[in-house]
Amino acid sequence: MLIDTHAHYDDKRFNSDRDEIIKSVKNSGVDLIINAGASIKSSKASLELSKKYDFIYATAGVHPHDAERTPDNTLEILAGLLENKKAVAVGEIGFDFYHDFSNRDSQRYWFKKQMGFAADVNYPVVIHDRDAHGETLETVKKYKLTGVFHCFAGSVEMARELVKLGYMMSFGGVATFANAKTCIEALKAIPAEYIMLETDCPYLSPHPKRGERNDSRNLRIIAEKIAQIKNMDAHDLINKTGENAVRCFKLDKF
């Protein structure tokens with residue numbers, strides 16, 4: 001199965017043609033999409049998309065960008081959202097020390113709160129980690145959880161630590177970039193059983209479409225590049241990453 005494990009079709013950049021694009025994605029051979037929540041508002045929108053389209057699933061969580069603006073009753077709201085049968089994970093959550101749109105103490109507070117919440121409700125997590133590799137790794141080690149580091153950008157050493165912890169790592173358009181040395185090194189080192197595919201659309205379009213609005217129809221370009229890096233047949237890579245996504249998000253229950 002060809003599965004886009006991280007997309008943002010609720011993003012305003014799809015407002016003018018969202019239904020048309022999603023239908024085109026389905027017709028292109030993409031089997032499943034997981035639309036990632038990044039705030040209470042976008043988590044609700046993600047779940048609405050999952051209700052409308054049978055091949056879309058959703059996550060619910062608060063991104064580090066929104067940590068300072070997160071209401072005190074957030075966990076109560078997330079618990080209600082996760083009652084939806086097509087909600088498959090808590091996320092995306094984590095640290096973003098590159099933009100620092102929220103102060104780091106707020107990021108730490110809500111990352112830990114949501115990790116503890118995910119452990120309580122027994123859901124996998126979708127981790128956002130930008131320029132915070134060491135602290136992110138130390139934080140996830142404190143919780144007995146599994147899930148995925150989306151758009152993985154860490155080192156080979158970090159990847160090996162995550163494999164020991166049982167985490168997946170997903171890769172998107174960055175793997176096709178000419179300057180993606182760290183990403184390629186990690187991909188070569190990670191066993192295929194721990195790799196998933198994503199677009200992070202509308203962001204991070206793969207080469208040769210870099211700079212354009214991204215969507216899941218580009219997932220096959222990413223798969224072919226990662227298969228080349230892994231010295232695998234593209235069909236086998238797609239099947240393996242699909243199996244990994246089913247296992248990570250427990251999609252076989254649907």
Side-chain angles (χ1 to χ4, degrees), residues 1-39 41-60 63 84-89 91-92 126 128 148 150-152 168 170-177 180 183 195-229 232-246 248-249 251-252 254:
M1 298 180 75
L2 185 60
I3 301 178
D4 187 349
T5 63
H6 200 101
H8 295 283
Y9 284 105
D10 58 296
D11 190 277
K12 64 183 179 181
R13 274 171 273 191
F14 290 113
N15 284 354
S16 65
D17 59 356
R18 182 174 289 108
D19 290 341
E20 178 184 344
I21 291 296
I22 291 175
K23 289 173 183 176
S24 294
V25 166
K26 179 64 172 176
N27 292 335
S28 75
V30 175
D31 295 294
L32 295 176
I33 295 168
I34 295 172
N35 205 79
S39 64
K41 181 180 179 180
S42 74
S43 295
K44 290 178 178 178
S46 295
L47 285 163
E48 288 303 312
L49 285 172
S50 77
K51 293 176 184 177
K52 186 172 184 179
Y53 298 98
D54 61 357
F55 74 113
I56 294 181
Y57 294 85
T59 74
H63 192 286
N84 187 298
K85 66 180 182 179
K86 292 187 76 179
V88 297
E92 61 183 286
V126 178
H128 176 100
V148 56
H150 109 86
C151 202
F152 182 73
M168 299 284 181
S170 62
F171 296 84
V174 173
T176 70
F177 297 172
C183 176
I195 293 171
M196 299 195 303
L197 303 176
E198 66 163 275
T199 58
D200 199 22
C201 66
Y203 314 104
L204 295 175
S205 289
H207 177 79
K209 299 188 177 185
R210 194 170 182 182
E212 300 176 14
R213 184 185 68 175
N214 197 10
D215 68 62
S216 303
R217 291 174 296 183
N218 293 328
L219 194 63
R220 201 170 294 274
I221 297 173
I222 296 165
E224 289 172 353
K225 179 61 177 180
I226 292 175
Q228 179 184 343
I229 294 168
M232 292 177 65
D233 176 79
H235 180 76
D236 292 341
L237 186 279
I238 288 169
N239 283 341
K240 176 55 67 177
T241 55
E243 291 170 3
N244 296 343
V246 169
C248 178
F249 295 109
L251 297 176
D252 53 355
F254 295 100

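Keep in mind that the numbers below use all heavy atoms, side chains included, and drop hydrogens, waters and symmetry copies. Residues: numbered from 1 along the sequence shown.
Salt bridge R213/D11: absent, no basic N to carboxylate O contact under 4.0 Å.
Listed by chain and number, the residues in a ring pair (Phe, Tyr, Trp, His ring centres under 6.0 Å) with Y53 amount to none (sequence neighbours excluded). Scanning for side chain to side chain contact (heavy atoms under 4.5 Å, CB included) contacts around S170 gives T5, V148, H150, M196, E198, with sequence neighbours left out. When the side chain to side chain donor-acceptor pair (under 3.5 Å) test is applied to T199, the partners found at least two apart in sequence or on another chain are D4. N218 pairs by the side chain to side chain donor-acceptor pair (under 3.5 Å) definition with K209, N214, not counting sequence neighbours. The salt bridge (charged side-chain N to carboxylate O under 4.0 Å, His left out) test applied to K240 returns E243, not counting sequence neighbours. Qualifying side chain to side chain contact (heavy atoms under 4.5 Å, CB included) partners for H235, counting only residues two or more places apart in sequence or in other chains: D233, N239. Looking at residues two or more places apart in sequence or on another chain, you find no salt bridge (charged side-chain N to carboxylate O under 4.0 Å, His left out) involving E212. Looking at residues two or more places apart in sequence or on another chain, you find no salt bridge (charged side-chain N to carboxylate O under 4.0 Å, His left out) involving K23. Take D10 and apply the salt bridge (charged side-chain N to carboxylate O under 4.0 Å, His left out) test, not counting sequence neighbours, and it matches no residue. Residues meeting the side chain to side chain contact (heavy atoms under 4.5 Å, CB included) test with R220, sequence neighbours left out: L2, E224, I238. For Q228, there are no side chain to side chain donor-acceptor pair (under 3.5 Å) partners two or more places apart in sequence or in a different chain. For the side chain to side chain contact (heavy atoms under 4.5 Å, CB included) test, residues two or more places apart in sequence or in another chain that qualify with T59 are I34, A36, V88, A89, V126.
Taking CG from D17 and CG from D215, the interatomic distance works out to 9.0 Å, rounded to the nearest 0.5 Å. Note: C183 SG to I229 CD1 = 6.0 Å, rounded to the nearest 0.5 Å. Between the OH atom in Y9 and the OG atom in S42 there is a gap of 15.5 Å [rounded to 0.5 Å]. Separation of atoms CD (E20) and CZ (F14) is listed at 12.0 Å; rounding is to 0.5 Å. Rounded to the nearest 0.5 angstrom, D31 CG and S216 OG are separated by 11.5 Å. The CE atom of M232 sits 8.0 Å away from the OG1 atom of T241 when rounded to the nearest 0.5 Å.
I195 places none of its side-chain heavy atoms less than 4.5 Å from the side chain of F152. Proximity of V174 to D200: side-chain heavy atoms (C-beta onward) are nowhere separated by under 4.5 Å. Within the 4.5 Å cutoff, the side chain of C151 has no heavy atoms near those of the H6 side chain.
Looking at every heavy atom in both residues, K86 comes nearest to S50 through NZ-O, 2.7 Å. Across all non-hydrogen atoms, the minimal contact from I222 to P206 is CG1-CB, 4.0 Å. Contact detail for I33 and A7: the closest heavy-atom pair is CG2-CB, 3.9 Å. Nearest heavy-atom pair, S43 versus G37, reported as atom, atom and distance to 0.1 Å: OG-CA, 3.6 Å.
Below 30°, between 30° and 60°, or above 60°: for Y203 and H8 the angle between ring planes is above 60°, a perpendicular geometry.
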side-chain contact (heavy atoms from CB on, under 4.5 Å) evaluation trace for I3 with V246 = CA-CA 9 Å; I3 301 178; V246 169; 4.2 Å; yes
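Of the possible donor and acceptor atoms, none in the side chain of K225 sits under 3.5 Å from a partner among the backbone N and O of T176.
Checking R18, R13, K12 one by one against N15, the side-chain hydrogen bond (donor to acceptor under 3.5 Å, both in side chains) holds for a single residue, R18.
Within a 6.0 Å sphere centred on NZ of K26, heavy atoms belonging to other residues, nucleotides or ligands number more than 12.
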